[in-house]
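Input: a single structure, listed below in structure tokens.
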Amino acid sequence: MGVGGEKFQLGTVGALSLSVVSSVSIVICNKALMSSLGFNFATTLTSWHLLVTFCSLHVALWMKFFEHKPFDSRTVMGFGVLNGISIGLLNLSLGFNSVGFYQMTKLAIIPCTVILETLFFRKKFSRSIQMSLSVLLLGVGVATVTDLQLNAVGSILSLLAIITTCIAQIMTNTIQKKFKVSSTQLLYQSCPYQSLTLFLIGPFLDCFLTNQNVFAFNYTSQVVFFIVLSCLISVSVNFSTFLVIGKTSPVTYQVLGHLKTCLVLTFGYVLLHDPFSWRNILGILIAVVGMVLYSYFCTVETQQKNAEVSPQQ
């Protein structure tokens with residue numbers, strides 16, 4: 001493997017690490033904000049996250065940290081609006097379903113992504129990869145899924161959330177490759193549309209789910225501090241999300257998401273003394289085995305492809 005391959009691997013590892021650290025940090029911050037301080041306006045908070053991310057990227061552009069590369073504006077607008085809608089649908093799904101069914105919704109994103117990429121992009125997933133993903137999903141299911149209460153509206157919202165999330169994440173990867181734009185350039189151009197979509201629907205959605213008005217909330221200095229901290233961390237979360245999907249694949253990003261879930265559960269037990277059972281421990285161990293197998297098989301297949309390409313070059 002040449003210098004370029006080593007740089008790519010280092011960049012991928014860095015992107016994965018940044019995504020894990022920032023995501024776990026923002027979950028802990030938001031848990032303090034929502035559970036302890038009662039600020040339960042998740043969709044509106046996400047719109048603020050994206051607005052701060054856009055402002056930060058605009059400053060980075062002004063300081064010439066990256067180059068602005070305009071491309072198909074209709075694609076960017078559609079992608080941004082779709083991302084915003086998927087976030088809103090996921091929050092609605094959580095509001096209409098039990099926590100256990102919501103976790104099942106998140107688990108369903110991986111097989112749905114695999115099916116869509118196989119059908120529309122002719123992407124092939126080996127049996128080894130499929131087996132490792134099955135082990136991972138089984139482990140996360142054992143660790144997180146408790147009660148399963150079904151209802152018609154919640155099921156429809158979950159299905160729409162799964163489909164829009166899968167399409168949005170696949171588009172993140174395909175747009176970067178098709179238009180040859182970096183994750184930063186795509187995030188910078190799509191952020192305003194995502195933020196505007198969530199800013200318009202957020203207050204109504206949050207009011208519907210919580211029976212509270214985000215603009216009438218009592219913003220103490222402590223609440224403002226955690227909101228600002230959450231927004232600052234979100235810059236890293238949003239950037240690393242686009243970076244990971246661009247450098248790897250939507251499926252790998254979802255695998256990474258389940259690793260974050262396991263880490264959040266572990267940190268919650270160790271640091272916050274959340275309730276924990278042997279079922280949680282068993283599920284996390286199974287999930288870790290699935291992640292290790294997925295990483296191993298991905299590495300082996302990548303090396304095989306590189307070995308096949310090198311003689312041809």
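Worth knowing before you read on, the calculation uses all heavy atoms, side chains too, and leaves out hydrogens, waters and symmetry mates.
- Checking side-chain atoms of S158 against main-chain N and O of G154 turns up a donor-acceptor pair under 3.5 Å.
- Between W48 and Y219, the ring-plane angle classifies as tilted under the 30° and 60° cut-offs.
- In plain terms, the two heavy atoms of L45 and S230 that are nearest each other are CD2-OG, 4.1 Å.
- Hydrophobic clustering, with ILVMFWY side chains joined whenever heavy atoms are under 4.5 angstrom apart, groups V114 together with V244.
- Atom CD1 in I162 sits 12.0 Å away from atom OG in S86 (nearest 0.5 Å).
- No side-chain donor from either of H68 and Y188 sits under 3.5 Å from a side-chain acceptor of the other.
- Counting non-hydrogen atoms of neighbouring residues, nucleotides and ligands closer than 6.0 angstrom, the OH atom of Y296 reaches no more than 12 such neighbours.
- Side-chain contact annotation: Q169 with Q254, donor-acceptor N/O pair under 3.5 Å present.
- No continuous path of hydrophobic side-chain contacts links F204 to L50 [ILVMFWY only; heavy atoms under 4.5 Å].
- Screening residues 55-72 for salt bridge (charged side-chain N to carboxylate O under 4.0 Å, His left out), with sequence neighbours left out, gives no hits.
- The minimum heavy-atom distance between T43 and D206, with the atom names listed, is N-OD1, 3.3 Å.
- Within a 6.0 Å sphere centred on CZ of F66, other residues, nucleotides and ligands contribute more than 12 heavy atoms.
- Note that the CD1 atom of I110 and the CG atom of L137 stand 5.0 Å from one another [nearest 0.5 Å].
- In this structure, a donor-acceptor pair under 3.5 Å is absent between the side chains of T210 and N40.
- Sorted by first and then second residue, the side chain to side chain donor-acceptor pair (under 3.5 Å) pairs involving residues 115-143 (not counting sequence neighbours) are S126-E301.
- The shortest heavy-atom contact between L186 and Q176 is CD2-CG, 3.7 Å.
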